[in-house]
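Heads up, the thing below is written out as structure tokens.
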2 protein chains.
Amino acid sequence: MPDDKKAIFANITADDVANEAGVSRWTVNRAFRKEASISPKSLEKVRAAAERLGYVPDLRAASLASDRSNLVALLIDDFANPHKLVMMERLTRILRREGWDILLINTLDRNDAGHALLNASQRRVDAVILIGLQFDDDMLETALHARRFRKLIIFARSSRNPDTISIAVDDVESMNEMAIYVNERGYRRPMFLAGPRTSSAHLLRKETFVEYWRQHFGIEPETVEVSAYDPALASDVVENVLSSRNPAMLPDILVCENDSLAIGATDVIRHKLGLRIPEDIAITGFDDVPQADNPNYSLTTYRQPLTEMVEYLVEVLSNPDQTNLNRLFTGALIARRSA
Amino acid sequence: MPDDKKAIFANITADDVANEAGVSRWTVNRAFRKEASISPKSLEKVRAAAERLGYVPDLRAASLASDRSNLVALLIDDFANPHKLVMMERLTRILRREGWDILLINTLDRNDAGHALLNASQRRVDAVILIGLQFDDDMLETALHARRFRKLIIFARSSRNPDTISIAVDDVESMNEMAIYVNERGYRRPMFLAGPRTSSAHLLRKETFVEYWRQHFGIEPETVEVSAYDPALASDVVENVLSSRNPAMLPDILVCENDSLAIGATDVIRHKLGLRIPEDIAITGFDDVPQADNPNYSLTTYRQPLTEMVEYLVEVLSNPDQTNLNRLFTGALIARRSA
DNA sequence: GCAATTTTTGCTCACGGGAGCAAGAGGAAT
DNA sequence: ATTCCTCTTGCTCCCGTGAGCAAAAATTGC
């Protein structure tokens, strides 16, 4: 069917539709532009003609002419964390609903971040959204220097860089809530399991917990660091630290910086150390990944209000301002059986 | 620092660089085009000038003029499956390395697929990659009719539509291998746990397993269907089917269509039914998600050769042909403790 | 019914770069 | 030195749309 093939490959433009509908090209374009003023009659004519011809506006051209691409770049550096999948789902769903397309860029490692931003620049995205951990302040500085985009948004992590917009959960508030919970449930020998401290990029979670404990009990809780947010690594570290210990010296609770670490810790405590959770050692996480609700883990954790956060992100995107749009959110502690 | 601000927001174009370097605009563009012919001397001059001014070519314009966008749309419909995260990681990494950018589109549900494709069309992507399950043949028909892109690639699932390109693991071969394994390990009362059968979209896995068992033992193994690839749903279904059963009537192995189902089944068999795996009931999955290697599950499963598959996908993208590019791959059975 | 508005329409110019051609520069062969 | 050939370079003409203005049409007020 040659006719069909032609229909498939022909490049129908607004001019063709204009001919078909008996109006000018600009009226056609206006029919597809939200804010444009057009009479209901021509709108109808254009719609019908476009339908017949199978016309779809070309956003590349629109973007070129209007200097707004309605495209945002999503830079992600760690696909191993299941929480990323949750965030991506929420982001893609809500952004699409609001008319934003997403350029997904896998930032391989710290050294690659510059190239990733270059990628985004070349597509002239309106904003860059960073989800990840290796984006420390040094990197942000570089990014801002070379940028061809209007906004740099750090999602689900706070940043002190004045030129970025950070949308995140309040680490201090949330971790204090967690510390209070740990205290009230009667735990007295906590150990904090933290992720990597990459230069200036640090989460306030550990500091907050340690500070709470010091204030309330006058002692510094033990802290252990894992070099990546990886369950297997967390397992190794926890095994190293705890396996040789006299049972009396074991912590009664492991407060983890996120669920990935908590899950790794849970596995090793149960299967390698042969201890019960929460009877021998309790565990808490952070993020509320889907697995946390699994009966195997039933992890006490802290849920970020992702939907709210993404909805605010959308607001930020259409806001002409560029600074002072930082916002901290309050989530909810989810108590399960692990602590 | 007003100078800094200007540098950030000014729109440096090839013309500016041309002035700075003392060459024509076209020479500047050529310096950034792979196949262009340019003398080493002017290349150097242009590079230096571009560096000084912070020039980055605008891919929207390039795409508009050349009718190649170097953009592919990635349509995903199910963010709950951790295997998707693995696929996305591999796809984003390799495609980016090869110079392809990715438009990520969350296809909410079957009815939304048309709109999702429209999105892709408007950005004039060179190809659409479908990863998911709700893309059945009806939907593909619609997609192909309205398409403004050159290739429609079904990734990690086979399709019989002649106008699409399917890159997937050979379901027949892989499931036969699994069936042989199950047979040789001495299991004799298998039950097959299948995912939803959405109209014409079906995986050959169940058919293959059932057929093998019929051929070798003359009996039809029991099969059970779960209405979505969701661990929690799988748990419910398995509990419903097995909990009331006389122990003698229980299957000795649960062969699952993918790891998500297998993980849901594992949880419920252990925690609700109180049975041991693999002693009371063995379990196999398919995909080899990261969790499968977790000591909790230690799931016997089948690993798809994702890297190979994505590398072939890249080949397909730059191939001028559009049909007969289908390819089936062979993966590897990963034997662990669950069966 | 006519002027004053308001809405709608067509148009010029611009967005930033690519294809392909013709002119220019440089080198090799004679 | 001349001719021929090849590699570079500049140029014209697009790609498909939007901003903003001026002309045209429709609407309002009296």
Side-chain angles (χ1 to χ4, degrees), chain A residues 9-47 49-50 53-71 99 101 121-126 148-150, chain B residues 9-47 49-50 53-71 99 121-126 148-149:
Chain A
F9 292 104
N11 224 9
I12 313 289
T13 83
D15 279 307
D16 303 325
V17 180
N19 279 338
E20 173 85 8
V23 297
S24 73
R25 174 172 83 64
W26 298 273
T27 303
V28 172
N29 290 338
R30 268 189 271 259
F32 287 91
R33 220 179 311 148
K34 199 81 183 140
E35 351 66 76
S37 133
I38 187 176
S39 70
K41 211 169 46 185
S42 8
L43 179 63
E44 189 40 48
K45 274 197 296 189
V46 172
R47 289 257 181 235
L53 269 50
Y55 167 74
V56 183
D58 187 330
L59 288 188
R60 297 172 304 178
S63 151
L64 191 57
S66 71
D67 202 40
R68 287 194 75 248
S69 60
N70 272 287
L71 232 197
D101 283 337
S121 297
Q122 300 204 127
R123 298 277 174 197
R124 300 294 191 266
V125 297
D126 289 334
R148 305 274 308 213
F149 36 86
R150 295 174 183 65
Chain B
F9 292 103
N11 224 8
I12 312 288
T13 83
D15 279 308
D16 303 325
V17 180
N19 279 337
E20 173 85 8
V23 297
S24 73
R25 174 171 84 64
W26 298 274
T27 303
V28 172
N29 290 336
R30 267 188 272 258
F32 288 91
R33 219 179 311 146
K34 199 84 181 129
E35 350 69 74
S37 133
I38 187 173
S39 72
K41 210 169 46 185
S42 8
L43 179 63
E44 189 40 48
K45 274 196 296 187
V46 171
R47 290 261 182 232
L53 269 53
Y55 168 73
V56 183
D58 187 329
L59 287 188
R60 298 171 305 179
S63 151
L64 191 57
S66 71
D67 203 39
R68 288 194 76 249
S69 60
N70 272 289
L71 230 199
S121 297
Q122 300 203 126
R123 297 277 174 196
R124 300 296 191 267
V125 298
D126 289 333
R148 304 273 307 214
F149 36 84

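Lettering of chains follows the sequences in order, A, B, ..., and the numbering in each one begins at 1.
In this structure, the CG atom of Asn29(A) is 19 Å from the P atom of dA14(C), given to the nearest Å. Atom CG in Asp67(B) sits about 22 Å away from atom P in dC13(D), given to the nearest Å. Straight-line distance from the CZ atom of Arg33(A) to the C1' atom of dT9(C): 12 Å, rounded to whole Å. What separates CG of Leu43(A) from C1' of dT8(C) is a distance of 13 Å, to the nearest Å. The CD1 atom of Ile38(A) sits 15 Å away from the C1' atom of dA25(D) (whole-angstrom rounding). Here dT17(D) presents its P atom at 18 Å from CZ of Arg68(A), a figure rounded to the nearest Å. Atom CG in Asn70(B) sits roughly 16 Å away from atom P in dG17(C) (whole-Å rounding). The nearest whole Å value for the distance from the CG atom in Leu59(A) to the C1' atom in dC15(D) is 15 Å.
One distance of note links CD of Glu20(B) with CD1 of Ile12(B); it measures 9.5 Å at 0.5 Å rounding. Once rounded to the nearest 0.5 Å, the distance linking CD1 of Ile38(B) with CZ of Arg30(B) reads 7.5 Å. Rounded to the nearest 0.5 Å, atoms OG (Ser63(B)) and CZ (Arg123(B)) are 10.5 Å apart. Rounding to the nearest 0.5 Å places CG of Asn29(A) at 8.5 Å from CG of Asp15(A). With rounding to the nearest 0.5 Å, the separation of CG in Leu71(B) from CG in Leu59(B) is 8.5 Å.
Judged purely by atom type and a 3.5 angstrom limit, Asn19(B) has no side-chain atom pairing as donor or acceptor with the backbone of Asp16(B). Between the side chain of Asp126(B) and the backbone N or O of Arg68(B), no donor-acceptor pair lies under 3.5 Å.
In terms of position on DNA chain D, the residue among Ser42(B) and Glu35(A) whose nearest nucleotide sits closer to the 5' end is Ser42(B). Residue whose closest nucleotide on DNA chain D sits further toward the 5' end, between Lys41(A) and Ala61(A): Ala61(A).
At least one side-chain nitrogen or oxygen of Asn11(B) sits closer than 4.0 Å to the OP1 or OP2 atom of dG16(C). At least one side-chain nitrogen or oxygen of Ser39(B) sits closer than 4.0 Å to the OP1 or OP2 atom of dT9(D). Taking only side-chain nitrogens and oxygens, Arg60(A) never comes nearer than 4.0 Å to OP1 or OP2 of dG16(D). Side-chain nitrogen and oxygen atoms of Ser37(A) include none within less than 4.0 Å of the OP1 or OP2 phosphate oxygen of dT7(C).
Looking at heavy-atom distances under 4.0 Å, Ser63(B) makes no contact with the nucleic acid at all. When heavy atoms are screened at a 4.0 angstrom cut-off, Tyr55(B) is found touching the sugar-phosphate backbone but no base atom. Heavy atoms of Leu64(B) sit under 4.0 angstrom from at least one base atom.
With contacts defined as side-chain heavy-atom distances shorter than 4.5 Å, the pair Arg60(B)/Asp58(A) does not qualify. Lys45(B) places none of its side-chain heavy atoms less than 4.5 Å from the side chain of Thr27(B).
Listed by first and then second residue, the ring-ring contact (aromatic ring centres under 6.0 Å, His included) pairs that reach into residues 20-46 of chain B are Phe32(B)-Tyr55(B), sequence neighbours excluded.
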With 3.5 Å as the limit, what N/O pairs link the protein to nucleotides 10-12 of chain C?
unit_1  : atom_1 : unit_2   : atom_2 : d
dG10(C) : OP2    : Ser24(A) : N      : 3.0
dG10(C) : OP2    : Ser24(A) : OG     : 2.6
dG10(C) : OP2    : Thr27(A) : OG1    : 2.7
dG10(C) : O5'    : Ser24(A) : OG     : 3.4
dG10(C) : N7     : Arg30(A) : NH2    : 2.6
dT12(C) : O4     : Trp26(A) : NE1    : 3.1

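The nucleotide whose nearest atom lies closest to any side-chain atom of Ala14(B) is, among dT8(C), dT17(D), dG17(C), dG17(C).
Note on the helix from dG1(C)-dC30(D) to dT30(C)-dA1(D): terminal axis deviation equals 20°, with five pairs used at each end and the result rounded to 10°.
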